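Report on the structure given below.
Numbered from 1 within each chain, the chains take letters A, B, ... in sequence-line order. This is a predicted model, so every value here is computed, not measured. Just so you know, these numbers use all the heavy atoms, side chains as well, and skip hydrogens, waters and symmetry mates.
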2 protein chains.
Amino acid sequence: MPQTKESDNTRRSRRGSGAITLRDVAKLAGVAPITASRVLNTPEQVSVDVRQKVLDAVQKTGYVPNRMAGGLASSRSRLIAAVVPSTVMSVFMETIESLNGTLFDAGYQLMLGQSSYSASREESLLEAIIGRRPDGIFLTGVLHSGKGRTRLLASGIPVVETWDLTPAPIDMLVGFSHSDIGREVAKFLVGKGRRRLAMIRADDERAGRRAQAFAVEAERSGLAKVQVVDVGASRTIKSGREALGRLLEIDPEVDAVFCSSDLLASGVVTEARVRGIDIPGRLAIVGFGDVPFVADMVPALSTVHINGADIGRMAARCLIDRAEGREVASPLVDVGFSIVERDTT
Amino acid sequence: MPQTKESDNTRRSRRGSGAITLRDVAKLAGVAPITASRVLNTPEQVSVDVRQKVLDAVQKTGYVPNRMAGGLASSRSRLIAAVVPSTVMSVFMETIESLNGTLFDAGYQLMLGQSSYSASREESLLEAIIGRRPDGIFLTGVLHSGKGRTRLLASGIPVVETWDLTPAPIDMLVGFSHSDIGREVAKFLVGKGRRRLAMIRADDERAGRRAQAFAVEAERSGLAKVQVVDVGASRTIKSGREALGRLLEIDPEVDAVFCSSDLLASGVVTEARVRGIDIPGRLAIVGFGDVPFVADMVPALSTVHINGADIGRMAARCLIDRAEGREVASPLVDVGFSIVERDTT
DNA sequence: ATGAAAGCGCTAACAG
DNA sequence: CTGTTAGCGCTTTCAT
């Protein structure tokens with residue numbers, strides 16, 4: 001239970017939060033503040049009996065160390081910042097969840113920043129993040145704005161970019177190749193005997209690279225030009241449904257669609273079902289992400305599986321190792337992907 | 001562009017991060033540190049020309065204020081902690097997104113904590129949060145553990161509980177009544193002429209209250225006892241599908257199901273479709289949450305709509321007002337809900 | 001194994 | 001409007 005700090009008569013001219021401090025604990029235990037600090041941070045440096053006395057005092061006072069003060073004094077905030085484009089129904093949440101879990105177990109806290117807000121806010125997001133002096137920064141996707149890169153580089157804070165591969169990462173990287181995915185999905189579809197491939201994609205740089213490689217591979221296989229429907233920023237079931245409509249107008253003969261997200265693909269499946277288009281007979285559909293629910297849809301969606309949890313875990317390890325001065329075993333990891341074949345192909 | 005701190009010959013015995021500090025900026029601008037501080041925090045207190053000089057120095061040095069130091073000195077961290085049970089495919093993400101957005105615009109940062117991890121970790125989560133001295137805490141759901149309540153109360157940090165109503169909130173509250181929902185959905189279904197109601201629910205306290213009220217209202221209307229299928233912790237399409245199977249074994253005559261989440265409901269719809277059960281002819285289905293994609297499913301899901309974004313926004317406002325010493329207009333708000341009728345009823 | 005001193009980088013108080 | 005002084009609560013450094 002909390003108690004007000006004893007009203008000592010020492011000269012005190014400043015406020016303060018009024019909470020129990022290490023000083024209070026130390027006084028109660030009859031030791032110097034630094035000793036109490038050691039009990040909490042490096043107990044092996046303190047004799048057992050002193051240790052116990054301090055622990056008792058902590059218990060009695062309900063003391064919770066002020067990490068802002070600790071961070072300021074040690075230049076180690078034990079804070080990790082994560083930047084995510086969007087959280088709602090996003091394929092990234094599994095990554096964030098495992099990132100957070102791994103960090104928490106190692107004694108780190110997660111700060112969340114959303115980049116999907118206007119580009120002008122990206123600047124202030126970076127400022128806000130750097131201002132907290134996090135021990136590491138987790139980026140969803142790679143940073144392209146040169147300004148942002150420079151700023152992060154200048155801050156000296158360890159950075160891990162994820163969900164992508166780039167020849168010139170800012171620092172560390174845990175991702176996979178979007179081009180490889182585009183190529184492999186095209187090969188996969190061609191191998192299934194599909195001849196008129198199409199892509200339905202959101203306006204997203206990584207989706208663009210998948211689309212690009214997808215189209216190139218189709219062409220290399222001697223197929224007709226891949227039709228592409230761009231749905232803009234929205235990646236919903238609804239836009240997937242509409243996109244299929246548009247696609248069928250452009251090319252009624254299309255026999256396979258690769259979508260840039262599972263949600264879009266679900267929309268395509270839905271629309272095809274409504275129109276009585278046989279899946280996979282007349283139309284094959286491949287999604288991207290393998291979010292939890294698409295495996296249980298009927299028909300179950302064939303999609304590109306990304307191990308998002310692995311990305312979060314590995315990125316966390318990179319960041320933690322760096323923060324604690326350890327050598328990072330592999331600062332550049334390709335987690336790969338797999339094409340999961342289910343009912344729609 | 002960053003530059004190393006000038007190697008001054010003043011007595012310096014301690015390290016430091018090596019970053020630019022307010023002192024550096026002030027020196028460059030030829031003013032006292034506090035003046036530079038004022039330019040950044042209360043510019044109206046500083047003359048225009050001095051202001052400009054300092055701003056120039058900030059620009060030149062690429063100075064980013066250390067918020068840990070600022071927070072420590074002012075006892076205001078400008079940090080808000082949010083506790084969420086789960087992030088993956090969760091109905092709460094819209095709330096978190098708007099919470100985060102509103103906070104960010106007001107100059108606050110969001111720290112994310114996950115409570116879904118084991119109960120033993122709940123204790124350390126709270127410790128970790130309080131240790132950061134956030135200016136406010138956002139709770140998804142209400143806190144029931146007495147220990148946790150006491151601890152939060154003792155910390156003196158403003159707390160807002162959400163997504164629920166309780167007669168005895170820790171502090172502030174932005175939510176809605178789960179009992180009301182259960183009752184209203186039952187009435188709604190009865191009004192539609194349904195006579196054999198059932199519930200498929202996850203093992204979750206709030207879902208329990210909806211189920212309870214749902215059953216009571218059904219009984220009040222003279223219907224047969226409501227059959228309840230509990231799916232445990234999982235709230236996936238798959239468990240929804242399985243649950244409908246189990247439900248039909250228990251009561252093949254059931255004509256309406258209220259599910260404790262949209263995902264579960266989607267599973268029920270899917271399974272019904274597979275079994276050739278006519279929706280809504282033979283079976284009516286109601287979900288909960290109105291997550292983005294259920295409106296575009298076929299058939300579109302009837303569900304209970306909760307304005308998650310509103311909850312986030314309002315909770316943020318409560319917390320910010322409190323943090324800034326303002327009176328909170330309405331510390332207890334009921335955002336209500338609405339039953340959205342679509343194709344499944 | 002324990003402690004004294006000196007800050008980390010910033011801002012509240014109180015001048016002037 | 002600007003500055004001086006004294007910390008916020010903790011940990012590093014250097015002694016003992």
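- A residue-by-residue look at A/Glu44 and A/Pro33 shows that A/Glu44 has its nearest nucleotide of DNA chain C further toward the 5' end.
- Remark: B/Arg313 engages B/Asp310 in a salt bridge, criterion side-chain N to carboxylate O under 4.0 Å.
- Distance from the side chain of A/Ile34 is smallest to D/dT11 among D/dT4, C/dC10, D/dT11.
- A/Asp56 pairs in a side chain to side chain donor-acceptor pair (under 3.5 Å) with only one of the listed residues (A/Gln59, A/Lys60, A/Lys53, A/Gln52), which is A/Gln52.
- Not one side-chain nitrogen or oxygen of A/Thr21 sits closer than 4.0 Å to the OP1 or OP2 atom of D/dC8.
- When each of B/Arg133 and B/Val50 is assigned the nucleotide of DNA chain D bearing its nearest heavy atom, the one mapping closer to the 5' terminus is B/Val50.
- Taking the side chain as every heavy atom from C-beta outward, A/Arg132 and B/Arg78 approach each other to under 4.5 Å.
- You'll find that the side chain of A/Ser47 is closest to C/dT2, out of D/dT2, C/dT2, C/dT11.
- For B/Ser37 and C/dT11, the shortest distance from a side-chain N or O to OP1 or OP2 is below 4.0 Å.
- In this structure, the CG atom of B/Leu22 is 14 Å from the C1' atom of C/dC8, given to the nearest Å.
- Closest to the side chain of A/Ser74, from the set C/dA4, D/dT11, C/dC8, is D/dT11.
- Looking at B/Asn66 and A/Arg133, their side chains come closer than 4.5 Å, going by heavy atoms from C-beta outward.
- More than 12 heavy atoms of other residues, nucleotides or ligands shown are found within 6.0 angstrom of CD on B/Glu324.
- C/dG9 atom C1' lies 14 Å from atom CZ of A/Arg132, rounded to whole Å.
- In this structure, B/Ile20 places its CD1 atom 15 Å from P of C/dC8, rounding to the nearest Å.
- Nucleotide D/dG9 holds its C1' atom 10 Å from the CG atom of A/Asp24, rounded to whole Å.
- The residue among A/Gly71 and B/Ala32 whose nearest nucleotide of DNA chain D is located toward the 5' end is B/Ala32.
- For A/Asn66 and D/dC8, the shortest distance from a side-chain N or O to OP1 or OP2 is not below 4.0 Å.
- Residue whose closest nucleotide on DNA chain C sits further toward the 5' end, between A/Val31 and B/Asn41: A/Val31.
- Each end of the helix from C/dA1-D/dT16 to C/dG16-D/dC1 gets its own axis from five base pairs, and the two axes differ in direction by 30°, given to 10 degrees.
- Not one side-chain nitrogen or oxygen of A/Thr35 sits closer than 4.0 Å to the OP1 or OP2 atom of C/dT2.
- Donor-acceptor pairing under 3.5 Å, judged by distance alone, is present between the side chain of A/Arg38 and the base of C/dG3.
- In summary, B/Arg322 and B/Asp171 engage in a salt bridge, as defined by a charged side-chain N under 4.0 Å from a carboxylate O.
- Qualifying side chain to side chain contact (heavy atoms under 4.5 Å, CB included) partners for A/Ile311, counting only residues two or more places apart in sequence or in other chains: A/Thr95, A/Thr162, A/Trp163, A/Val174, A/Phe176, A/Ile306, A/Val335.
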